[in-house]
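To start, the structure itself, in structure tokens.
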Amino acid sequence: MTSQRLSWKDFLAQRQAVLETWPTGRDVAALEDGLRYQRTIPEAKNFAKAMAKAKAAGRTLLQPRAGVALIDDHIRLLRYLETEGTADLLPTTIDAYTRQNRYEEAGRGIERSRTAGTSLLNGFPAVNHGRDGCRKVTEAVTKPVQVRHGTPDARLLAEIALAGGFTSFEGGGISYNIPYAKKVEVGQCLRDWQYVDRLVGYYEENGVSVNREPFGPLTGTLVPPFISHTVAILEGLLALDQGVRSLTLGYGQGGNVLQDLAALETLRELADESFRAAGFIDFDLTLVFHQWMGGFPEDEAQAFSVIGLGGFVAAAGRVEKTIVKSPHEAMGIPTKEANASGLKATRQVLSMMADQRICADNDIVRREKELIRREVHALMDAVFAAAGDDLVQGVVRAFAGGLLDIPFAPSMYNKGKVLPIRDNEGAIRLFAKGGLPLGDDIMAFHRERLQERSRAEGRPVTFQMVTDDIYAISKGKLVGRPK
Amino acid sequence: MTSQRLSWKDFLAQRQAVLETWPTGRDVAALEDGLRYQRTIPEAKNFAKAMAKAKAAGRTLLQPRAGVALIDDHIRLLRYLETEGTADLLPTTIDAYTRQNRYEEAGRGIERSRTAGTSLLNGFPAVNHGRDGCRKVTEAVTKPVQVRHGTPDARLLAEIALAGGFTSFEGGGISYNIPYAKKVEVGQCLRDWQYVDRLVGYYEENGVSVNREPFGPLTGTLVPPFISHTVAILEGLLALDQGVRSLTLGYGQGGNVLQDLAALETLRELADESFRAAGFIDFDLTLVFHQWMGGFPEDEAQAFSVIGLGGFVAAAGRVEKTIVKSPHEAMGIPTKEANASGLKATRQVLSMMADQRICADNDIVRREKELIRREVHALMDAVFAAAGDDLVQGVVRAFAGGLLDIPFAPSMYNKGKVLPIRDNEGAIRLFAKGGLPLGDDIMAFHRERLQERSRAEGRPVTFQMVTDDIYAISKGKLVGRPK
Amino acid sequence: MDAPRIVLGVIGADCHSVGNTILDAFFTEAGFHVVNLGVMVSQEEFLDAAVESDAAAVLVSSLYGHGLIDCEGLRQKAVERGLERLVLYAGGNLVVGKTPFEEVERKFKALGFDRVFPPQVELAEVARLLRADIEARRN
Amino acid sequence: MDAPRIVLGVIGADCHSVGNTILDAFFTEAGFHVVNLGVMVSQEEFLDAAVESDAAAVLVSSLYGHGLIDCEGLRQKAVERGLERLVLYAGGNLVVGKTPFEEVERKFKALGFDRVFPPQVELAEVARLLRADIEARRN
Ligand code: B12
Ligand code: B12
């Protein structure tokens, strides 16, 4: 099952309009300029190559999140993270106005940050800073740099970022819409991302590797592995269709270690199988594991333990990259010191675990893997069936029919009927499946596991449990038990 | 194989001399006074009962280390650790002069600490503060309190501690001598500890439970599990012989998670088997796991990860208690805040893992368990064979002959011929076995594992590897690889 | 007495929907009549909803850090629209970066908010205060 | 030139033997003639060994926190025994509790130590300094 490759003519036509949406679009009008510039970037700073190397070496690379309003401050921040923080890969996290294409507000944020002497934006407004601002940033550091954001329509951002020397671009038409937006129509967003992927495909065709990373964790809140896996694989297929080759699929820590290990193994296996089944062979698939993406404990010592457990799973799961949280997570965007301390803590546990084999090969992991495989197949089959001959339509219809449904997401195009709850061992299960096309046997297993918890706690399975589970980790537990 | 129970007559005769070694001995002259006082202590504050309850409930209790020179400061410290730190069990760590029976120097330390306004002693000088000082402390808190020390001759300390309301006493005739002293003769120390155990036995006979905890980690530095297990079981047997009933055996984190899990399981199994084989049935055996006891990283974020990994193993190993380190470990005795943060970090990972089953049941763990069992049996058999009909003599002869030998220990009665090195996955193996009575097949396995590392690192197995391994965790790794 | 009417929403370009879901469930359960606007709500939408539903209070969430910029002028606009008695609360991760709460509170009070809350606030306490504040404004 | 003679040991009632083992191995390898007294060494034992072996330097370790109390008076006693030129180093976790190193250094220099080192010191650097200090004292 595939989607159509955006024709070059349509791409160029769109491009003109896109570049006009903000003055800095003009500077990237010449596509070949970006290409030429990318060719000057040393291999050691190419994100796609770094990921491939990590895979070959069996290493896990560390990447923080970071972005501030002003160029010089942002450079200082990234330099600190690569030296003091020993980050292997650098981010440039985009501010939330830019994510909504509200460049004027972003501009005001830049001005105010100048006056305030501190960043009042929650990220780096790359579009406002334009191609040259981005080049300043990517040239100032020694590690590969990725744009991390949450932008439903990221076409202009992608144009500027790639011409600006970034060698990896996060996001996707589902993962950067449903959890990040309220009113963005599913098909529109998918088409906007086809543009981004086509642009990356253009670079690839011309010999420049650019890494693409669909956003795995979605809402970061009790997302069962099979839901995020399905989205990741769909976005992978859509990207490959447009010529992307270096793909990093993501998964956010759920908290139950064995479920997490099963999730990481199945993500790699299922993605590989699906891509091959769709006829792709020359892709380069790697994995990213996100340390706990839900609410964090306010206490920094407790936060370090959440970070450490994430590092443990990253190591045991043998992923190529892990995105690192900081001890400030619950409170606000971390200072550079707090950010570096998250990196150092993760580095410590990763390297202590690096040489160890951890026993994923056991009955529970096997059971969870089998379950996830069946669940993902059920969803993929349903999306394919809904697709006719266009995967984009399949996804649109799947959301409309609730065949795809992401827990706690703000999008009005998301049914929001799925209710996840932890079972008695903290694995994420489904209380309500909404319209998800899961068979009775699968749902019987979920229900049985939740019954076990219900018995253990002496209370029925209700929405209160969901609430308790959402708060649990921030209150020092995995499972939200009654007091 | 047993040792003789110290006769009541001999005990009382010794006692008189012991109490005369320092003026505060006089206050505990009446044995029954201590008994009467202990009977007034509420059950919730009895250490032995707390350990038994934890075992029944499958819970892991948290205990810090802490002790300062002055009574009021010490009370403030313990109260902070039980409230802010949420410690389940409290310590009173004894200063190093008291540990060497140098009460005059301890007295000077008390004076100077008063003048300096801060503790210049590395612990609480319980003998100098005497029975009433101890009662002030144990009465001021709500949790059970244990004396933690490192005293070869702890007879006076034990008398004062028990009369002072402490309900658990750490140490043993091997574990508080060989790693803690230079010139203390093995037999003498064992006999002094028979006295301590006999005293505890007296309380037990009279209906007061007092917990005893041999010091598991020894030098805390690359100690292979079988060596510390053998010592723990021997001290357990010697304690049971004197009437002790509540026994907590310890193990210090080695760093390789599967070896650590195998170690915890075998410690429980082997101890239980040995005690039953010696004819004991009414003992109450629990386990304590010590977070990494060797050199820590200086960086606090990294230290938190070492602490977190320790918490993970404690949870996965289902021990009844874990002794918690702090982020200040590499630098000095922790402030109360740093100490509490170690507790909070550990609590977070423990409770996140509490409900999860971790896969100890796999081939590697099975292999390691089998290995440890065979190694411990080899050492125990040799000690028994050397014993004639007195276990004390068996231990004395075993050290003299190098059948027991503790790596890196300062005691002149310890051969110091055993050299441990980590294998390629970080499990602790033997490079040199010295006089340890291990069969060729066992040593072949150790050598083979070290060869694997040697090949991986492209360097021979030498003392340099030992040095590198000693530094490794403090430098952010588990295995000390060449640069 | 009727259930007090309140408007909930997450202001600006902020997409954090989890806390909002919980606030909705909590205040409904606690006996309030909740009009929940969800995420990415503009100042105008907040005030329109307050007018339409005749709400006694507006509870503004901001998690993503742009709270100060997004909330500026809200109180003035409320007054302009005749909502003099409107109780205005703000809560969440209101500014960029870990900041002493007193400072955050000062800044938002200066913007005209009646009360300001950190993310860890006990919701039962908020409900108590809210009832009292609504009662006080009525008189 | 002969290998410079140095005395090593851990002072007081301190039993930490691991660092001492490593210092012994390191300085021997680095070409010093090492007299290692091991752990729990008294001031008198240090000075006796210095006299007997005609050592140019004494390297005192203290890990357990009682360093200040244990080291007081060592320099004076050395002078009394005619060891005016003795190079005196101290290293380890010298005081109780995490303390800014400058403060620790000041206190131990006041006790008459020539150089003071934190636990994380690079030993190669110490060997370099030690050779230079011994050389300087000779002249
Ligand atoms: C999950 C999450 C996400 C998910 C959100 C999914 C979704 N649609 O909801 C995803 C991954 C998409 C995401 C995206 C982003 N996030 Co976010 N996210 C979080 C996280 C980890 C948890 C939030 C959560 O759900 N908590 C659980 C709920 C129950 O708690 P809550 O949201 O705090 O709400 C409670 C209280 O705040 C309070 N409350 C809230 N409002 C009000 C109002 C009143 C009146 C009262 C009384 C109480 C109250 O009551 C609520 C219920 O208990 C937090 C950090 C944390 N808390 O650990 C960061 C965090 C909020 N995110 C942050 C940021 C910056 C972003 C991004 C900009 C990306 C980035 N730069 O990293 C984007 C935002 C894009 C956008 N347009 O908004 C920052 C905000 C920084 C700051 N303020 O300084 C945080 C704090 C992380 C951090 N330390 O950097 N995020
Ligand atoms: C292992 C250990 C133990 C083992 C020691 C076993 C043994 N026989 O060696 C055991 C468990 C028995 C133990 C006991 C105690 N310990 Co202890 N122990 C440690 C630990 C974890 C590691 C020490 C170690 O081996 N490091 C590895 C070696 C290679 O490094 P090193 O010892 O620092 O030595 C290097 C440097 O310091 C330097 N160096 C040392 N001396 C010198 C001298 C010169 C001139 C130079 C240039 C360099 C130099 O070079 C060495 C080689 O690289 C440290 C904390 C840490 N560092 O993480 C605590 C620590 C040293 N212990 C401490 C304490 C207090 C104790 C006890 C009193 C118990 C207690 N209250 O907790 C008892 C001491 C009893 C006694 N009589 O001495 C404290 C000291 C506190 C302080 N100074 O404020 C520490 C720092 C832990 C802490 N933060 O509380 N301990």
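Each chain gets a letter, A, B and so on, in the order the sequences are listed, and its residues count up from 1. Note: hydrogens, waters and symmetry copies are ignored here, and every other heavy atom, side chains too, is used.
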Pair B/R112 + D/E72, salt bridge at N-O below 4.0 Å: yes
Proximal component of B/T221, with respect to chain D [non-hydrogen, under 4.5 Å]: side chain
Qualifying ring pair (Phe, Tyr, Trp, His ring centres under 6.0 Å) pairs with a residue from residues 110-139 of chain D, counting only residues at least two apart or across chains: D/Y89-D/F117, D/F108-D/F113
D/H66 vs B/L121 side-chain heavy atoms within contact, under 4.5 Å: yes
Residues of residues 40-64 of chain D contacting chain B, heavy-atom criterion under 4.5 Å, by residue number: D/M40, D/V41, D/E45, D/Y64
Contacting region of B/E300 [heavy-atom separation from chain D under 4.5 Å]: side chain
Over all atoms of both residues, closest heavy-atom pair of D/P119 and B/A330: CG-O, 4.2 Å
Side-chain donor or acceptor of D/S17 paired with backbone N/O of B/A409 under 3.5 Å: no
Exceeds 12 heavy-atom contacts within 6.0 angstrom, atom CD of D/Q120: yes
Heavy-atom pair count under 4.5 Å with chain B, highest-scoring of D/V10, D/D14, D/T21, D/I69: D/I69
Considering all heavy atoms, the nearest D/A25-B/F463 contact: CB-CE2, 3.8 Å
Contact listing (chain D partner; residues 470-483 of chain B; heavy atom under 4.5 Å): B/I470, B/Y471
Whether over 12 other heavy atoms sit under 6.0 Å from B/E337 CD: yes
Minimum heavy-atom distance B/P179-D/C15, with the two atoms named: O-SG, 3.6 Å
Nearest atoms (heavy-atom pairs only) where D/A13 meets B/A96: CB-O, 3.7 Å
Main-chain N/O of B/M331 paired with D/N93 side-chain donor or acceptor, under 3.5 Å: yes
Under 4.5 Å from any heavy atom of chain B - which part of D/I22: side chain
Heavy-atom neighbours of D/K77 NZ exceed 12 at 6.0 Å: yes
Proximity breakdown for B/R108 and chain D, heavy-atom pairs closer than 4.5 Å: neither
Engaged part of B/P407 at the chain D interface, taking heavy atoms whose separation is under 4.5 Å: neither
Under 4.5 Å from any heavy atom of chain D - which part of B/P334: neither
Residues which pass side-chain contact (heavy atoms from CB on, under 4.5 Å) with B/R76, listed by chain and number, not counting sequence neighbours: B/D72, B/D73
Side-chain (D/K98) to main-chain (B/H328) donor-acceptor, under 3.5 angstrom: no
Among B/V466, B/T467, B/L120, residue most engaged with chain D (heavy-atom pairs, under 4.5 Å): B/L120
